[in-house]
Amino acid sequence: MQTKDSFRKEIKLKLKKGFCIYDKQCVNKLISIIAKHNKPKAYKYYRDNKLFYVKSPYKNNILLYSPLVFEVDIKCIINKFIKQKKCQVFIPKLEKTTFNMVKYRLPLIKNHWHIKEPAKCKIYNNTIVDIAIVPVLGIDKNKKRIGFGKGMYDKFYETLKVRPYSIFVSRLKSVSNYSICDWYDIQADMYVSVYR
């Protein structure tokens, strides 16, 4: 019987390191999806069994990621949106078991996982995120995330008032035919990959 751990190990063995020429096609698709995304005028959320509404931000708030060598290289998306100034670009700043959301700012330094992140930054965890581009190893049959085993995105999503439109992305298209994820694993609205 396939498990999340066995599926994760299988994917890691197949990972392609270094820049992939097909990353650019994937990036173009992501840019197109983001451009077509219609965010609501207001978001609703529940707290203490009561319904609340919060006005949608004027600019799109987008959570991206700083890519590792085997992940889809989305640095050109970051640069594009920063230059356009139509969106606020955030990336994770990793802690021990979760991460804080910070604005993308130079200079970048490598943390102990060798992931580049801003050297100095302010935390924006209470900011509403419209779209999140989330790196994955793969997904299960329910479009739930199979990540790297730290559970950081799951813990971060638990802290959000409003769940963002979530696009999972990976270099290899890896979809399990089974429901192998846990109830707390985050779920994709869309899954985009480089290799089919």
Side-chain angles (χ1 to χ4, degrees), residues 30-31 33-68 71-72 74-75 77-113 115-136 139 143-145 147-169 181-192:
L30 289 170
I31 290 170
I33 293 166
I34 293 168
K36 292 175 183 175
H37 178 69
N38 290 320
K39 66 177 183 175
K41 291 182 179 178
Y43 289 102
K44 63 181 180 181
Y45 67 95
Y46 289 91
R47 188 176 62 199
D48 301 326
N49 294 324
K50 293 180 180 178
L51 178 63
F52 294 89
Y53 288 89
V54 60
K55 191 176 178 181
S56 181
Y58 173 69
K59 288 185 176 182
N60 273 328
N61 290 332
I62 301 178
L63 178 64
L64 299 173
Y65 64 89
S66 187
L68 291 166
E71 294 175 333
V72 175
I74 62 163
K75 290 193 287 289
I77 296 181
I78 294 173
N79 294 333
K80 179 183 178 72
F81 288 137
I82 286 175
K83 285 178 183 177
Q84 286 182 345
K85 298 183 179 179
K86 292 180 180 178
C87 305
Q88 292 196 95
V89 176
F90 299 91
I91 62 170
K93 186 171 177 65
L94 304 186
E95 302 296 335
K96 287 182 179 178
T97 58
T98 185
F99 64 79
N100 291 311
M101 190 170 73
V102 300
K103 280 190 178 180
Y104 184 87
R105 291 282 185 270
L106 297 175
L108 302 177
I109 57 170
K110 284 187 178 180
N111 61 24
H112 57 284
W113 281 291
I115 299 171
K116 290 182 179 180
E117 58 186 24
K120 294 180 181 179
C121 50
K122 178 183 173 184
I123 295 169
Y124 288 86
N125 285 355
N126 293 324
T127 301
I128 290 173
V129 179
D130 297 296
I131 301 171
I133 308 293
V134 180
V136 300
I139 59 172
K143 286 189 180 178
K144 288 202 163 190
R145 180 177 189 260
F148 301 92
K150 305 290 184 186
M152 291 187 175
Y153 275 92
D154 304 317
K155 290 168 187 171
F156 175 72
Y157 266 56
E158 282 179 11
T159 67
L160 299 177
K161 285 181 182 177
V162 176
R163 182 189 173 281
Y165 184 81
S166 301
I167 306 167
F168 291 178
V169 62
C181 289
D182 298 300
W183 63 269
Y184 52 78
D185 289 316
I186 62 174
Q187 193 171 26
D189 293 293
M190 186 174 290
Y191 177 43
V192 178

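From a predicted model like this one, the values you see are computed outputs, not experimental measurements. Residue numbers start at 1 and run along the sequence shown.
Take Lys103 and apply the salt bridge (charged side-chain N to carboxylate O under 4.0 Å, His left out) test, not counting sequence neighbours, and it matches no residue. For Lys75, the salt bridge (charged side-chain N to carboxylate O under 4.0 Å, His left out) criterion is met by Asp73, not counting sequence neighbours. Residues satisfying the salt bridge (charged side-chain N to carboxylate O under 4.0 Å, His left out) test with Asp48, not counting sequence neighbours, are none. With sequence neighbours left out, Arg105 forms a salt bridge (charged side-chain N to carboxylate O under 4.0 Å, His left out) with no residue at all. Partners of Tyr157 under the side chain to side chain donor-acceptor pair (under 3.5 Å) rule, at least two apart in sequence or in another chain, are Ser166.
Although no hydrogens or angles enter the test, the distance criterion places a donor-acceptor pair under 3.5 Å between the side chain of Asn111 and the main chain of Trp113. The backbone N or O of Leu68 sits less than 3.5 Å from a side-chain atom of Glu71, completing a donor-acceptor pair. In terms of modelled atom types and a separation under 3.5 Å, the side chain of Ser66 and the main chain of Lys116 share a donor-acceptor contact. Here the side chain of Arg145 pairs no donor or acceptor atom with the backbone of Asp154 at under 3.5 angstrom.
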Side-chain donor-acceptor pairs of residues 118-132 under 3.5 Å, sequence neighbours excluded:
unit_1 : atom_1 : unit_2 : atom_2 : d
Asn125 : OD1    : Met101 : N      : 2.7
Asn125 : ND2    : Asn100 : OD1    : 2.8
Thr127 : OG1    : Tyr124 : O      : 3.3
Asp130 : OD1    : Tyr43  : OH     : 2.6
Asp130 : OD2    : Asn61  : N      : 2.8

- Query: Run the side chain to side chain contact (heavy atoms under 4.5 Å, CB included) check on Tyr65 and Val134 step by step: do they pass?
  - Reply: CA-CA 7 Å; Tyr65 64 89; Val134 180; over 6 Å; no

For this session: Test salt bridge (charged side-chain N to carboxylate O under 4.0 Å, His left out) on Lys143 and Asp185 and set out the steps.
Result: CA-CA 10 Å; Lys143 286 189 180 178; Asp185 289 316; over 6 Å; no

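Residue Lys93 qualifies as enclosed at atom NZ: its count of foreign heavy atoms under 6.0 Å is above 12. Other residues, nucleotides and ligands place no more than 12 heavy atoms under 6.0 Å from the NZ atom of Lys44.
The CG atom of Leu64 sits 8.5 Å away from atom CD1 of Ile82, with the distance rounded to the nearest 0.5 Å. Remark: Asp189 CG to Gln187 CD distance equals 8.0 Å, nearest 0.5 Å. Atom NZ of Lys144 and atom OH of Tyr184 lie 10.0 Å apart (nearest 0.5 Å).
Considering only heavy atoms from C-beta on, Met190 comes within 4.5 Å of Ile33 through its side chain.
Aromatic pair Tyr191/Phe168: ring centres not closer than 6.0 Å. Tyr104 and Phe81 have their aromatic ring centers separated by at least 6.0 angstrom.
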